[in-house]
Amino acid sequence: MNNKLIFIGGGNMAQAMLSKLVNSNSEIIVIQKNIEKLNKLKQEYPSIHFAPTLDFSTTADTLIILAVKPQDAQNACLDIAHLITNSTVISVMTGISTSTLNTWLNNNKIARVMPNTPASIGLGVSGIYFTPNINNSQKEVIKNIFNYIGKTYIFTEEDSINKITATAGSAPAYLFYFIESMIESTINIGFSKDEAIEMVLQVLKGSLGLIENNPQLSLQQLRSNITSKKGTTEQAINIFEKYNLKKIVDEAENAAYHRAQEISKLYQ
């Protein structure tokens, strides 16, 4: 890649992307108002240019990546609107619609993207929605950027970005929560913290390896292979079913999806 990228904001999502993109051939500038955060980022990414404000007009081949918190988005957009009228804008913010961004920026060339934090190691999942004003060559450039940090999924309906926020954007936190619970349970039955962490992480790696190395087997079959009648695993699965784990997961994902929709309505 050989692109010019300007990040507006240097928070968690921006840093997840920067961790991988710093190794690309892209020219990267990060605008970070908080001087303390700016100085920390400078130390971590010495090859990237950082500044507290955007103080120049951008060109048509520059991509502006909006990566601030939703509550800071309007002020951030209004501050830069007059400088980025010719550029294509990529929003990686939760919930804020392209129509709202168009109003704030007076710019209708917007891609709304939801990546997730595994992007930092090139294993991200990103959903992308393009407004009609982005041409095919610009779409390819944007897709290539997000392909560099993981897998991409292109959507023709903007609400799909709210859905993938729940399914992929927030999902690593769900898994981390479950892993935390497994580690705590392992400690509770008598193992040390270090032993519990090592064992649970190895189990996860091995389980993922089984999935990846046996594409012909469904998850249900892999589970059945371990679950003997009246055995230990069956007892554990019975507890998950007793408390309806699948329903809990479904309700959790829907709660995240509806919150993304609510955020969109807050900023209409």
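Predicted model only: the values in this text are computed from it and were never measured. The first residue in the sequence is number 1, and the count goes up from there.
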Peer 1: Going from CG on N147 to CD1 on I128, what distance comes out if it is rounded to the nearest 0.5 angstrom?
Peer 2: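 One gets 7.0 Å once the value is rounded to the nearest 0.5 Å.
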
Peer 1: For residues 160-182, which side-chain N or O atoms pair as donor and acceptor with protein atoms under 3.5 Å away, sequence neighbours left out?
Peer 2:
from, atom 1, to, atom 2, distance (Å)
S160, OG, E157, O, 3.4
N162, OD1, R112, NH2, 2.7
N162, ND2, D159, OD1, 3.0
T165, OG1, I161, O, 2.7
T167, OG1, K163, O, 3.1
S170, OG, T165, O, 3.3
Y174, OH, A166, O, 2.8
S181, OG, Y177, O, 3.0

Peer 1: The criterion is side-chain hydrogen bond (donor to acceptor under 3.5 Å, both in side chains); which residues satisfy it with S137, sequence neighbours excluded?
Peer 2: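 So S137 forms a side-chain hydrogen bond (donor to acceptor under 3.5 Å, both in side chains) with N135.
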
Peer 1: For a quick test of your reading: what N or O donor-acceptor pairs under 3.5 Å do the side chains of residues 191-199 make, sequence neighbours left out?
Peer 2:
from, atom 1, to, atom 2, distance (Å)
S192, OG, E195, N, 3.1
S192, OG, E195, OE1, 3.2
E195, OE1, S192, N, 3.0

Peer 1: Under the side-chain hydrogen bond (donor to acceptor under 3.5 Å, both in side chains) test, which residues partner K33, sequence neighbours left out?
Peer 2: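 Counting only residues at least two positions away or on another chain, K33 forms a side-chain hydrogen bond (donor to acceptor under 3.5 Å, both in side chains) with D79.
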
Peer 1: Could you check if a side-chain atom of F146 sits within less than 4.5 angstrom of a side-chain atom of M17, using non-hydrogen atoms only?
Peer 2: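 Yes, their side chains come closer than 4.5 Å.
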
Peer 1: Is a donor on one side and an acceptor on the other found under 3.5 Å between the side chain of N107 and the backbone of S87?
Peer 2: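 Yes, the answer is positive, given that a donor and an acceptor are paired below the 3.5 Å cut-off.
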
Peer 1: Which heavy-atom pair separates T58 from I84 by the least distance, and what is that distance?
Peer 2: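 Residues T58 and I84, closest heavy atoms: OG1-CA, 3.4 Å.
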
Peer 1: Run the side chain to side chain contact (heavy atoms under 4.5 Å, CB included) test on Q71 and Y267 for me, step by step, so that the C-alpha distance in whole Å, both residues' side-chain angles and the decisive distance to 0.1 Å come before the verdict.
Peer 2: CA-CA 9 Å; Q71 59 267 33; Y267 297 100; 3.7 Å; yes

Peer 1: Using only atom types and a distance under 3.5 Å, with no angle test, would you say the side chain of N214 pairs donor to acceptor with the backbone of L217?
Peer 2: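 Checking the backbone N and O of L217 against the side chain of N214, no donor-acceptor pair under 3.5 Å is found.
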
Peer 1: Are the charged groups of R259 and E262 less than 4.0 angstrom apart, N to O?
Peer 2: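 Yes, R259 and E262 are salt-bridged.
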
Peer 1: Would you confirm whether N3, through its side chain, and S26, through its main-chain N or O, come within 3.5 Å as a donor-acceptor pair?
Peer 2: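 Judged by distance alone, no pair lies under 3.5 Å.
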
Peer 1: Can you name the side-chain hydrogen bond (donor to acceptor under 3.5 Å, both in side chains) partners of N39, sequence neighbours left out?
Peer 2: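 Per chain and number, N39 pairs via side-chain hydrogen bond (donor to acceptor under 3.5 Å, both in side chains) with no residue.
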
Peer 1: Would you say the side-chain atoms of E234 pair up with the backbone N or O of K230, donor to acceptor, closer than 3.5 Å?
Peer 2: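 Yes, the answer is positive, given that a donor and an acceptor are paired below the 3.5 Å cut-off.
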
Peer 1: Test side chain to side chain contact (heavy atoms under 4.5 Å, CB included) on T88 and L63; report intermediate values, then the result.
Peer 2: CA-CA 5 Å; T88 298; L63 295 172; 3.8 Å; yes

Peer 1: Using modelled atom types and a 3.5 Å cut-off, is there a donor and acceptor pairing between side-chain atoms of K20 and backbone atoms of L123?
Peer 2: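 No; judged by distance alone, with no hydrogens or angles, the pair does not exist.
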
Peer 1: Using side-chain hydrogen bond (donor to acceptor under 3.5 Å, both in side chains) as the criterion, list what pairs up with R223, not counting sequence neighbours.
Peer 2: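 If we apply the side-chain hydrogen bond (donor to acceptor under 3.5 Å, both in side chains) test to R223, skipping adjacent residues, there are no hits.
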
Peer 1: One pair to check against side chain to side chain contact (heavy atoms under 4.5 Å, CB included): T98 and N102. What are the steps and the verdict?
Peer 2: CA-CA 6 Å; T98 55; N102 184 13; over 6 Å; no

